[in-house]
Amino acid sequence: MRRANAKGFVLSVDHALQENVDFVIIAGDLFNSALPSIESIRLAVTQLKRLKDAGIPVYGIPGSHDFSPSGKSMIDVLESADLFVNVAKGEESEGKLKLRFTKDPKTGALITGIFGRRGGLDKYYYQDLHRESLNIGGFKIFVWHAALHELKPKGLEVMDAMSVSYLPKGFDYYAGGHVHVCQQASLEGHPRIVLPGPTFPCSFAEIEKLKQGSCCIVDNGQVKEIVLDTPPVYSFAVDCDQKTPDTITEQVTEYAKKVTPGSIVTLRFEGTLSQGKPSDIDFVGLSQLFVDCFVMKNTYKLHSADFERVQVIPQSIESIESRLIEERAGQFLSKDAEVKRTHSVLAVLSSLKDEAMNKSDFESRVESELNVLLDITE
Amino acid sequence: MGEKGVLVSGEFGSLCARQKHGECFELGELLVAKSEDEETILLQVFDLLYGSQLGQQNLELISGLRLEEGVDTELIDPSSRTYVLARLKSLLAVKDGRARSPKTLPRFFSPISQVTADDVRFLSSTDGNALLLGQLRSGTKKLDVPVHINGSLALSHHVLIAGTTGRGKSVLMSNLLWHASSAAYCGMLVLDPHDEYYGRSGFGLKDHPHGVAYYSSTPPVGAHTLKINLHAIRSADLLAVFDWSDAQRDALRAYEQAFGQQWILEVVRETPLEHARFNEATLAVVKRRLLSILSLDFDGSSIRSRGAFDPVLGQNTISDVVRQVTSGMTVIIDTSSFSGAVEVLIASLFARAILAKYKRCSSKDLQDHPVVSIVLEEAPRVLGKEVLEKGPNIFSTIAREGRKFKVGLVAITQLPSLIPRAVLANLNTKIILGIELRNERQAIIESAAQDLSDASRMIASLDRGEAIVSSNFLSFAAPIMIPMFDKKLLPEVQGKRYFGDFS
C-alpha cells in the first residue's frame with residue numbers, strides 16, 4: 001500500500017514534468033503528519049527536487065495532517081530548502097486576517113490560501129478574513145484544505161465541513177484538498193472549485209470507491225482530470241448470507257481467478273453465516289489465493305448465526321474520542337453545536353507551543369482562543 | 001399593594017368591581033382578590049363600563065344642561081356617585097404557590113389589588129425545558145415576571161402565532177428562536193420567506209452565541225448555499241404541491257418507478273420507459289414543467305442548475321439539515337427568492353425527511369432526541385382549507401400525528417380562519433397578537449385551550465408587542481409583553497483570534 005501511495009505521488013510529478021506545467025499546487029497533506037517518517041521525507045524531497053530542477057515551482061499549504069501550530073513541521077523544512085512555497089501567509093490587520101499573495105514569477109498568477117487544521121479550527125480564519133484586501137486584479141488562485149458542505153458526496157454526511165461562502169469570492173481558481181474525491185463545481189462568485197482527489201486512495205472504502213489515484217492539470221482554464229496509473233484495484237463484495245465458510249472459500253477462489261498479479265484486492269464480507277463463525281473462514285488462506293497481490297478485508301458486517309456478536313471495532317484514538325463526544329453531547333448546547341465545539345476545544349488544547357513564542361504568550365493565545373470558543377465573558 | 005377597587009356583584013364568569021377614585025382599571029389588567037379560605041384569586045378585566053348612583057334620566061339631564069345651557073352642574077361628592085365598573089373573570093386560585101382552576105367566588109366586597117410577582121411566581125421556571133415567551137403583562141403594564149412554558153411539550157403539540165401585520169409576530173418569533181437556540185431540548189427548522197430571521201444586515205439569529213445554520217441561494221459569508229440534489233425529490237412531493245393532469249401524474253409515477261432516484265434526469269433526457277407508453281405531448285409537457293419548476297437548463301446533453309435544485313451538488317443538504325435540527329440546532333432556510341409553490345416544495349422535502357427519521361426511531365431512542373419544530377410563515381398556504389381539500393400533505397400529517405414523534409409546527413398567520421377548525425384545535429398553544437377582524441378572532445377563540453369567549457374585545461385592543469398566550473401547558477391564558485429583539489441579548493465575549501501561524 002505504501003508503495004502504491006508513493007507510486008501515485010511519483011506519477012503525478014511525472015505528469016507535471018511531461019506536460020511541462022508552469023507550477024504545481026499541493027492543497028495540503030503532502031505528509032500524513034507534521035513530522036513524517038524519513039522514508040516519506042526522502043520520497044517527497046526527491047520528487048520536489050525533480051520539479052525544482054525542471055524550473056517548476058511548487059506552491060501549497062499545510063493540511064490538517066501536516067500543519068503544526070508549534071511551527072515544527074516538515075513543510076517548513078521543505079520551504080527553507082526552497083523546495084516548496086507555503087502560500088498561507090498574512091498578518092493581522094484591524095483584528096482581521098489579511099492574507100498576502102505569492103506571485104508566480106513566470107505566469108504572474110497570484111496565489112494565496114488558508115491551511116487546514118484539525119477540528120475545523122481553520123473555519124475561524126475564514127470568519128475573520130479581511131476580504132476587501134483580496135479584491136485586486138490579476139489571475140488569482142485560492143488554496144484551501146477543508147470539506148465543503150455543498151460538494152460533500154454521499155457517504156461523507158458526518159464529515160465536518162464549511163460552506164462555500166467562507167471561501168473569498170472573485171478568484172479564478174479554487175484549489176482544494178482534504179476530501180478524497182475528484183470533483184469540480186461552480187457556484188455564484190466561486191468559479192472552478194476543484195478537488196483533484198488523492199494521488200492514491202488511502203482507506204479500504206476509498207480504494208473500493210475510487211480504485212485509483214488522480215490529479216488535475218489546468219490548461220487555459222480547462223481542468224483535465226488525470227487518472228494515475230497506480231496498481232489495478234479489484235473490489236469484491238462477498239455475500240456470506242446463509243452460507244458456510246466452505247462455500248465462501250469457493251466463492252473467493254472464483255474471484256481470485258479474475259485478478260491479475262500485482263493488484264490491490266478488497267474483499268468485503270457481509271451477511272450472517274448459516275453455520276460456524278467468522279473465524280472459521282481461513283482469511284489468510286483466502287489472501288494467498290491472490291498471487292502477488294495486496295489483499296484487504298472488511299468483516300464488519302459479517303455475523304455468526306450461532307453466537308451473539310461481540311462488537312470490538314479497532315479504532316484510532318481520534319475516532320474513539322469522537323464517538324465518546326458524540327455519545328455525551330447535547331447536555332448543554334444542541335448536540336451538533338456541542339460536538340463541534342468540543343472538537344475545537346480539544347484542537348486548541350492539543351496545540352503545541354511555537355519555539356519562537358514565550359510561555360506566557362502561548363498561554364494567553366490558548367486562553368484567548370478558548371474564550372472565543374466557549375463564549376466566556378468577563 | 002394598595003386597593004384598586006372592590007368586588008360588588010356578578011356571577012362566577014363575570015364579576016363586577018367598582019374602581020377606586022384615583023385608580024384606573026385597564027382592559028386585560030390582572031388583579032387579585034381573596035376567597036373565603038384565603039386563596040388568592042387571580043382576576044382579569046375583560047370589560048369596562050360606567051356606573052352611577054344617579055338614574056339614567058338624571059345623567060342625561062345633567063349632560064343636557066352642560067351642552068345646551070352651558071351650566072356646569074357640580075355633583076355633591078362626585079367620586080362616590082359616579083365611577084367606573086369593571087367586568088372580571090376568575091382565572092386561577094393560587095395557594096402556597098400552586099395554581100388551580102378557581103371553584104369559588106372571592107369574598108363579597110373583597111378588596112382587589114394589582115397583581116404582584118409573588119402572586120404569580122409559578123409562571124416563571126428554571127426548568128431545562130422552559131421556553132421564555134415574554135414578560136407578564138397587566139393591561140398595558142409590563143410586570144417583572146417572566147412567563148415560561150414547557151417548551152418541549154408546547155413545541156411538540158404545535159404552536160399558532162396569529163396577529164395582524166405590524167403587531168409583532170416576527171419579533172416574537174425571533175425571540176422564541178433566540179431562546180430555543182440556547183436550549184438542548186429542541187431543534188428548530190425555519191422556512192423564512194421574508195429572510196428576516198438570520199439578520200443579514202442587522203442584528204439577528206446569526207449573532208446567537210451557539211450559532212445557527214443558514215441556507216440561502218445567496219449566502220453571506222459563513223452560510224450554506226441552498227442546493228438540493230434532484231435525487232431527493234420524489235414524484236409524490238411534486239404531485240402534492242403542483243397541479244398535474246391525470247396523464248402527467250401517471251407519467252411522473254411511472255418514471256420514478258422505473259428509474260428510482262434518477263427519475264427526473266431520465267424524464268429530462270427523454271429516456272423511453274420499457275413497460276409503459278405515454279403520449280409524446282404529455283411527456284414533453286412534463287419535461288418542460290419539471291425544467292421550469294426546478295429551474296434547470298438542458299442543452300441536449302447536460303443538465304445545469306439555475307436555482308436550488310441541482311443534478312450534482314447538494315447530495316447531503318437534506319440529511320445535513322435533518323441531522324442539525326435533530327441534534328437541537330436552529331436551521332433557517334431562506335426561501336425569499338422562490339415562488340410560493342417552490343417554497344412549499346422545499347419545505348415539504350425537509351419536513352418529510354425529519355418526520356421519517358423520527359418515525360424510524362424506537363420510543364426509547366426518541367426520548368433521547370430533541371423535539372423538532374418547523375416554523376411555517378403564512379401557514380394557510382399549506383394548512384388552509386382550500387389546500388387540504390385537495391388532500392392531506394406532510395404538514396397536515398404533522399399537525400395530526402407529529403406530536404407522537406416529537407415533531408411539531410409553529411404556524412404563523414394573519415388569517416387563522418383559513419385553517420380548518422380540526423387543524424386549529426390541534427395547535428395546542430396559541431399566541432394571539434392584535435387582530436382587528438372579528439371572524440379571525442372568533443376562529444382563535446373557538447379553538448383556544450382556555451375559555452376566551454369574552455376576550456374578543458381584549459384581543460382587538462392588543463397593541464404592538466402585546467399578546468395573549470392560551471395553551472394546554474399554561475394554567476391560564478396569560479397576557480404577555482413581547483420583549484425587544486436587539487443586541488442586549490448578546491453576552492460580551494472576551495477573546496481574540498491568533499493569526500501568528502500565517503507569519
Side-chain angles (χ1 to χ4, degrees), chain A residues 67 69 71 88-92 95-97 99-100 114-115 117 123-129 131 149-154 156-158 161-166 183 185 187-188 329-341 354 357 365 367-373 375-378, chain B residues 128 180-188 208-227 229 231 304-305 310 312-317 319-320 322-331 368-370 490-503:
Chain A
F67 168 79
K89 292 280 193 284
E91 59 274 317
E92 185 184 333
K96 294 205 160 195
L97 170 62
L99 290 173
R100 281 198 303 272
I114 290 180
F115 45 77
R117 285 188 70 179
K123 195 158 73 180
Y124 298 106
Y125 297 129
Y126 292 93
Q127 283 174 357
D128 293 330
L129 191 58
R131 288 167 191 267
H149 261 290
E150 293 83 346
L151 274 70
K152 253 192 324 182
K154 277 272 175 214
L156 295 178
E157 288 91 342
V158 293
M162 64 179 202
S163 64
V164 170
S165 67
Y166 273 117
Q183 200 176 10
L187 283 156
E188 199 190 335
Q331 296 181 50
F332 304 103
L333 310 174
S334 70
K335 191 168 182 178
D336 212 44
E338 208 171 298
V339 168
K340 278 186 186 157
R341 195 174 289 199
D354 188 335
M357 193 182 257
R365 169 193 168 167
E367 190 183 338
S368 194
E369 288 193 344
L370 289 175
N371 280 346
V372 174
L373 286 173
D375 302 327
I376 292 174
T377 56
E378 195 171 28
Chain B
S181 300
S182 309
Y185 65 78
C186 67
M188 307 291 291
H208 195 283
H210 296 178
V212 297
Y214 178 60
Y215 291 76
S216 171
S217 295
T218 52
V221 174
H224 307 303
T225 317
L226 181 59
K227 285 284 180 190
N229 197 272
H231 290 174
R304 287 180 188 282
S305 161
D310 199 291
V312 179
L313 302 180
Q315 293 186 34
N316 293 305
T317 302
S319 59
D320 279 347
V322 171
R323 185 174 45 76
Q324 285 162 336
V325 291
T326 56
S327 74
M329 263 188 102
T330 295
V331 177
D368 298 333
H369 280 79
L490 276 177
E492 196 180 326
V493 175
Q494 302 295 310
K496 180 170 174 288
R497 304 270 185 234
Y498 175 77
F499 300 127
D501 299 317
F502 286 85
S503 57

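Chain naming here is simple, since letters A, B, ... match the order of the sequence lines and numbering starts at 1 in each.
What you find for B:V221 and A:Y166 is that their closest heavy atoms are CG1-CD2, 4.1 Å. Here the closest non-hydrogen pair linking B:H224 and A:H149 is CE1-CD2, 2.9 Å. The two residues B:S319 and A:K154 make their nearest non-hydrogen contact at OG-NZ, 4.5 Å.
Both the backbone and the side chain of B:P219 come within contact range of chain A, each with at least one heavy atom under 4.5 Å from a heavy atom of that chain. Heavy atoms closer than 4.5 Å to chain A are found in both the backbone and the side chain of B:T225. At a 4.5 Å heavy-atom cutoff, the contact between A:A88 and chain B is made by backbone and side-chain atoms alike. For A:K123, no part sits under 4.5 Å from any heavy atom of chain B, backbone or side chain. Residue contact with chain B, scored on non-hydrogen atoms closer than 4.5 Å, involves the side chain of A:L99 exclusively. Contacts between A:L97 and chain B at a heavy-atom distance below 4.5 Å involve backbone atoms as well as side-chain atoms.
Remark: A:E188 CD to B:S217 OG distance equals 9.0 Å, nearest 0.5 Å.
For the options B:C186, B:G314, B:A223, heavy-atom pairs under 4.5 Å to chain A are most numerous at B:A223.
In this structure a side-chain-to-backbone donor-acceptor pair under 3.5 Å is missing from B:N316 to A:E150. Panel note: side chain A:S165, backbone B:G222; a donor-acceptor pair is recorded below 3.5 Å.
A 6.0 Å sphere centred on CZ of A:R100 holds more than 12 heavy atoms belonging to other residues, nucleotides or ligands.
Between B:K227 and A:L187, some side-chain heavy-atom pair lies under the 4.5 Å cut-off.
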